[in-house]
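Scroll down for the structure; my scribbles are underneath it.
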Amino acid sequence: MSIKEVMIRPIIQMVATVATNWHLSNFLKGTIYKGKTKTVCVPGLNCYSCPGAAGSCPIGSLQAVIGGTKYNISYYIMGMVMLFGTLFGRLICGFLCPFGFIQDLLYKIKIPKLKVPQKIDKILRWLKYVILVVFVILLPILLTNEFGMGNPYFCQLICPAGTLEGGVPLLIKNESLRSGLGLLFTWKAILLVIFILASVFIYRPFCKYICPLGAIYSLFNKFSFYQINLDELKCNSCKTCERKCKMNVEITKNINSLECIRCGECKRTCKQGAITSGFKIKPNHIAEK
Amino acid sequence: MKYAQRLQSHMKYGILTISIAFILVGIIREEHLEVMKKAAKICLECIGVG
């Protein structure tokens, strides 16, 4: 494997993270960017209260619109998420998501890694879909105040990206925000520490078990323009790809699985050259029989 | 199998068209302004203060 092959993904991830948060001077000012590009959603999970954020978080925006008084459904956000999903599927998780990149960096820390038992792992994978339905869609619509407004419950109670990307830098620089700290921040700080520690030992625990945006994009993996294909004639079933896959995808059974973040590790490790990927590849059905 | 393959191929174009239509409908309904209203302020819930 050449250095170019190994380095291309982290470089793209780094560029995507900086491009998503390119108002870097706001980190020093302790404020956020308020310009017009924030009407557009970024493809990855990136808190719009991150000082550098140039666009809006799709999950935060979805909750803001459906939890507001004006609309019960958001065609705009649904359309945008569907557009990203149809074009790329979970390639966004693997290459463009800033919070995914942070988890990748944490996992690089040289320390013995943990493997979640398969039975527990399989059950926990469904949790992200439950979180999507309950915290992102149902609660903001149903649990409203006297003015008919619902809170962004996922952001408020679960999302560690908001605490890390928005909370920490803003609270360091902004004294008035610090005066409002309470039980909620303690809860979110505990969650953040748990996620950071978990990410050191387990590969992308947030993406695997919690992320509602990943849950949405996963539904597009089979229908997206970007596809991964396994050539059954070239594959010798050595399963090196499956052993290398950090998302634990059964590549030889279902290469465009809901869990595949399209990191390309399988393609790089396949000595037979049986795995191909791209926008002009026809979806594989032989391997998914 | 060929039918499934064709259906899958047509589906992605269908979803792409629907997604663009949804975005346009959202803009006509001025949902993007609602997004802007929220994103232009510090989201206290997101950062764990509110």
Side-chain angles (χ1 to χ4, degrees), chain A residues 31-32 34-36 38-41 47-49 53 55-57 60-61 64-65 68 70-71 74-83 85-87 151-153 155-156 159 162-163 166-168 170-171 174 177 180-182 184-189 220 222-225 282-283 285-286 289, chain B:
Chain A
T31 184
I32 61 166
K34 295 171 184 173
K36 281 187 178 171
K38 277 210 163 164
T39 53
V40 181
C41 290
C47 185
Y48 46 31
S49 286
S56 291
C57 170
S61 304
V65 177
K70 243 175 151 182
Y71 313 99
S74 176
Y75 290 103
Y76 182 65
I77 307 297
M78 272 168 31
M80 235 172 241
V81 174
M82 279 167 69
L83 179 69
T86 318
L87 292 175
N151 283 353
Y153 288 98
C155 302
Q156 189 176 23
C159 187
T163 321
V168 173
L170 285 175
L171 290 167
N174 197 320
L177 283 176
L181 291 183
L184 180 64
F185 187 77
T186 311
W187 163 249
K188 289 203 74 177
F220 292 92
K222 281 201 198 314
F223 307 107
S224 63
F225 282 81
K282 284 187 179 170
H285 293 275
I286 301 163
K289 265 195 277 194
Chain B
M1 200 54 78
K2 271 190 177 171
Y3 173 75
Q5 216 166 358
R6 243 199 330 255
L7 184 73
Q8 198 167 335
S9 176
H10 288 152
M11 240 173 117
K12 64 184 179 189
Y13 287 101
I15 299 170
L16 184 71
T17 312
I18 293 168
S19 63
I20 293 167
F22 272 18
I23 294 171
L24 294 175
V25 170
I27 292 171
I28 292 165
R29 280 170 28 118
E30 297 187 335
E31 289 175 25
H32 61 295
L33 300 179
E34 195 74 10
V35 173
M36 183 67 194
K37 208 164 79 182
K38 181 76 181 174
K41 285 185 286 190
I42 293 174
C43 169
L44 296 177
E45 295 95 340
C46 305
I47 65 170
V49 175

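Residue numbers begin at 1 in each chain, while the letters A, B, ... track the order of the sequences.
- When heavy atoms are compared at a cutoff of 4.5 Å, A/Lys34 approaches chain B by way of both its backbone and its side chain.
- Contact annotation for B/Lys37: neither backbone nor side-chain heavy atoms come within less than 4.5 Å of a heavy atom of chain A.
- Between A/Tyr75 and B/Phe22, the ring planes lie perpendicular to each other; the angle is over 60°, past the 30° to 60° tilted range.
- Rounding to the nearest 0.5 angstrom, the gap separating the CZ atom in A/Phe223 from the OG atom in B/Ser9 is 12.0 Å.
- When all heavy atoms of B/Ile23 and A/Tyr76 are compared, the pair lying nearest together is O-CD1, 3.8 Å.
- In this structure, CD1 in B/Ile18 is found 12.5 Å from CG in A/Leu83, a value given to the nearest 0.5 Å.
- Distance check, rounded to the nearest 0.5 Å: OG of A/Ser49 to CD of B/Glu45 gives 9.0 Å.
- No donor-acceptor pair under 3.5 Å is formed between the side chain of A/Lys36 and the backbone N or O of B/Met36.
- Atoms CE and OG1, from B/Met11 and A/Thr86 in turn, are 9.5 Å apart once rounded to the nearest 0.5 Å.
- Summarising the geometry of B/Ile15 relative to A/Met82, their closest heavy-atom pair is CG2-CE, 3.9 Å, with the distance given to 0.1 Å.
- Comparing B/Arg29, B/Glu34, B/Lys38 by how many heavy-atom pairs each has under 4.5 Å with chain A, the most go to B/Arg29.
- Of all non-hydrogen atoms in A/Cys47 and B/Cys46, the two that sit nearest each other are SG-CB, 3.8 Å.
- Note that the CD atom of B/Glu31 and the OG atom of A/Ser74 stand 4.0 Å from one another [nearest 0.5 Å].
- Neither the backbone nor the side chain of A/Thr186 comes within less than 4.5 Å of any heavy atom in chain B.
- Between atom SG of residue A/Cys41 and atom NE2 of residue B/His32 there is a gap of 12.0 Å, rounded to the nearest 0.5 Å.
- Residue contact with chain A, scored on non-hydrogen atoms closer than 4.5 Å, is absent for B/Ile28.
- Partners of A/Lys70 by salt bridge (Lys or Arg N to Asp or Glu O under 4.0 Å), not counting sequence neighbours: none found.
- Looking at residues two or more places apart in sequence or on another chain, you find no ring pair (Phe, Tyr, Trp, His ring centres under 6.0 Å) involving A/Tyr153.
- Across all their heavy atoms, B/Val35 and A/Ser56 have their closest contact at CG1-OG, 3.6 Å.
- Between the side chain of A/Lys38 and the main chain of B/Ala39, a donor-acceptor pair closer than 3.5 Å is present.
- Screening B/Ile47, B/Leu44, B/Val49 for a side-chain contact (heavy atoms from CB on, under 4.5 Å) with A/Leu170, the sole residue that qualifies is B/Ile47.
- In terms of heavy-atom pairs under 4.5 Å with chain B, the best-connected choice from A/Gly180, A/Pro152, A/Ala189 is A/Pro152.
- The two residues B/Cys43 and A/Tyr48 have their closest heavy-atom pair at CB-CE1, 3.9 Å.
- Per-residue counts of heavy-atom pairs under 4.5 Å with chain A were compared for B/Ile27, B/Val25, B/Ile42; the largest is that of B/Ile42.
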